[in-house]
K.L.:
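Once you've had a glance at the structure underneath, I'll fire off some questions.
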Amino acid sequence: MAQTLAPIAALLLSVGLVLFGHGLQTTLLPLAANLADFTDIAIGVLSSGYYIGFVVGCLVSPYVIMRAGHIRAFAAIVSLMSAAAIIHPIVIEPFSWTLIRFVSGLCLSGFYLIVESWLNEHASNANRGAVMSVYIVILYSAMTLGQLSLTGFDISTFVPFAIASVAVSVAVIPISMTRSAQPAPITLVRFRPIALYRNSPAAMVGGFVIGMGNAAIWTLSPLYASDIGLDTKNAAYFASAVVFGGAVAQWPIGRLSDRMDRRYVLVAMGTLSALAALFVVLISPTDPLVAIALAGLMGILTQPTYAVAVAHGFDHAETDAFVETSSGLLLANGIGSVIGPFAAAFLMDRTGANGLFYWMIGVESLLAIYVLWRLARRSAVTAGDRTDYEYATTAQLGAIITPDPLDVEDPNVIPPEEFPAYEIPSEDENAEAELRAPTEERVIERAGAS
């Protein structure tokens, strides 16, 4: 395992640093916005702004990488993320924070694209599962640690914003110093909603609806915790419980879906999530331990559903269409994620803290009802045609992670020779470069002569 991870150790270290800063911001911003007297609707809008940026980034990031290459694109994206993080306490105003969150979402999608394509390049069929497992464990662990780190800071000060910015800034160093070759080619995101819907309606509509629910509880759980009277420390525990619950449930729920029609799993998860949200509304917890336990339960029931929906989409897709299917479902989920935080925040503004869970009741019920209807409309795939649950689909993009190495003949793949950043210099250009920059051997010779 150590030999497998050594070439990508710098990349994984950078992932941990960036996701630590991102996790810290995810919990910090709703609480800081609430402290600054932003309305619930304004907090919902800035949360949706992040997902708008994420969707746009999925579309434009491949071209940034084509132009600059993975390493330089990584450095530019992470530097911009760091700058965005530190601007929050300087300009405390809802519209400005929405724009900043848009930039953060734009950068994060590019970051995930670079990281996951890099991992795919270095993984083989023999070790791809192990590599992706380590990546996803680091991803969720770093985000959870970032959220929990908020318990040590005063959110009314500049300090937590600075810590988030520093963590993201330092992430540039391991990648800048790596001797590992940067990857190529890279996948282009192509979204054909009609074809995707015809191929797997439950996966596409399910992915969209899941985005509306998961994004809402992911981004607004700190605000809910604050509204029910929890202090900053317990609000951080509450928000991290959602993420942690989802992380530990991914694998067992995925494996369960391998043993039956995945739509039954989606119906069960949607139904149980709606019931759990209804329970939260009925008891309106104020005890921190009870509230945090319920947050963990909601994470267990809601967060694994997207990966199950993607696996269901793969069950109905040809092997060479996995990249397009995963990309399309990602964008459908992203569009749903834009709607979710705003709609849930609107309900919270009108009905109080429970508005978040009113939204979850409605969304999760819609998921269960729609998928149940699809069960009556289409027979299940046979066990032999069902693909194995891919743990990689729990990644933030997943579109880059494929069961086999990318085929450069695939029209969705940009071949290396079309990357401006990877153009091979001509012989004349090489000769000119050699005259301008002495080689390592010449430097050694000159040092010896002196």
Side-chain angles (χ1 to χ4, degrees), residues 193 196-218 242 245-282 294-317 325-326 328-330 332-333 335-337 339-340 343-344 356-391 393-394 398:
L196 182 59
Y197 179 81
R198 288 174 176 171
N199 184 59
S200 182
M204 181 179 175
V205 176
F208 173 79
V209 174
I210 289 165
M212 291 196 296
N214 285 4
I217 196 168
W218 188 295
V242 175
V248 299
Q250 295 281 359
W251 188 85
I253 295 298
R255 287 307 174 199
L256 176 64
S257 75
D258 280 342
R259 300 176 182 275
M260 63 182 71
D261 188 337
R262 300 187 206 276
R263 293 174 297 179
Y264 287 117
V265 177
L266 291 174
V267 170
M269 299 289 282
T271 302
L272 292 173
S273 298
L275 291 174
L278 177 61
F279 183 71
V280 173
V281 170
L282 291 176
L294 290 174
L297 177 63
M298 288 300 298
I300 289 171
L301 295 174
T302 61
Q303 300 304 307
T305 50
Y306 174 66
V308 175
V310 173
H312 176 68
F314 286 172
D315 289 342
H316 292 278
T325 298
S326 187
L329 292 176
L330 171 72
N333 182 261
I335 294 169
S337 298
I339 298 169
L356 173 60
F357 287 94
Y358 290 141
W359 175 252
M360 295 303 296
I361 292 170
V363 168
E364 298 299 332
S365 298
L366 177 61
L367 173 65
I369 292 169
Y370 179 79
V371 177
L372 188 62
W373 177 70
R374 287 304 309 170
L375 277 166
R377 303 280 295 180
R378 187 178 192 178
S379 59
V381 296
T382 63
D385 292 333
R386 190 181 301 138
T387 61
D388 288 337
Y389 174 82
E390 284 286 338
Y391 196 38
T393 58
T394 63

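Every heavy atom of this structure was used, including side-chain atoms; hydrogens, water molecules and symmetry mates were not.
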K.L.:
Looking at every non-hydrogen atom in both residues, tell me the closest pair between Glu364 and Ala274 and how far apart they are.
P.N.:
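Looking at all heavy atoms of both residues, the shortest contact is CB-N, 3.8 Å.
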K.L.:
Show me, pair by pair, the donor-acceptor contacts under 3.5 angstrom made by side chains of residues 265-273, not counting sequence neighbours?
P.N.:
residue, atom, partner, partner atom, Å
Thr271, OG1, Val267, O, 2.8
Ser273, OG, Met269, O, 2.7
Ser273, OG, Leu301, O, 3.1

K.L.:
Considering non-hydrogen atoms only, spot the tightest contact between Gly207 and Ala309 and give its length.
P.N.:
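In terms of heavy atoms, the two residues are closest at N-CB, 4.5 Å.
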K.L.:
Please give me the minimum heavy-atom distance between Gln303 and Gly246, naming the atom from each residue.
P.N.:
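In terms of heavy atoms, the two residues are closest at CB-CA, 3.5 Å.
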K.L.:
For Ala277, enumerate each residue passing the side chain to side chain contact (heavy atoms under 4.5 Å, CB included) test, keeping only those at least two apart in sequence or located in another chain.
P.N.:
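Only Met298, Phe357, Met360, Ile361 meet the side chain to side chain contact (heavy atoms under 4.5 Å, CB included) criterion with Ala277.
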K.L.:
Strictly distance-based, threshold 3.5 Å: is any side-chain N or O of Tyr306 a donor or acceptor partner for the main-chain N or O of Leu330?
P.N.:
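Flag set: sc Tyr306 to bb Leu330 pair under 3.5 Å.
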K.L.:
Which pair of heavy atoms, one from Met212 and one from Leu366, lies closest together, and at what distance?
P.N.:
CE-CD2, 4.5 Å
K.L.:
Grab the two heavy atoms, one from Ser257 and one from Val308, that are nearest each other, plus how far apart they are.
P.N.:
CB-CG1, 4.1 Å
K.L.:
Who pairs with Ala344 by side chain to side chain contact (heavy atoms under 4.5 Å, CB included), at least two apart in sequence or on another chain?
P.N.:
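Counting only residues at least two positions away or on another chain, Ala344 forms a side chain to side chain contact (heavy atoms under 4.5 Å, CB included) with Ala216, Leu220, Leu356, Trp359.
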K.L.:
Only counting residues at least two apart or in another chain, list the ones meeting side chain to side chain contact (heavy atoms under 4.5 Å, CB included) with Tyr197.
P.N.:
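Listed in chain order: Pro201, Met204, Val205, Tyr370.
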K.L.:
Could you state the interatomic distance from CD (Gln250) to CD1 (Ile300), rounded to the nearest 0.5 Å?
P.N.:
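Reported to 0.5 Å precision, the distance equals 11.0 Å.
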K.L.:
So, taking the atom named CH2 in Trp218 and the one named OG1 in Thr302, what distance separates them when rounded to the nearest 0.5 Å?
P.N.:
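It comes to 9.5 Å.
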K.L.:
What distance separates Leu329 CG from Asn333 CG, expressed to the nearest 0.5 Å?
P.N.:
8.5 Å
K.L.:
What heavy-atom pair brings Ser200 and His312 nearest, and what distance separates the two atoms?
P.N.:
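Looking at all heavy atoms of both residues, the closest pair is OG-CD2, 3.3 Å.
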K.L.:
Are the side chain of Arg263 and the backbone N or O of Ala202 linked by a donor-acceptor pair below 3.5 Å?
P.N.:
no
K.L.:
Rounded at 0.5 Å granularity, tell me how far OG1 in Thr305 sits from CG in Asn214.
P.N.:
4.5 Å
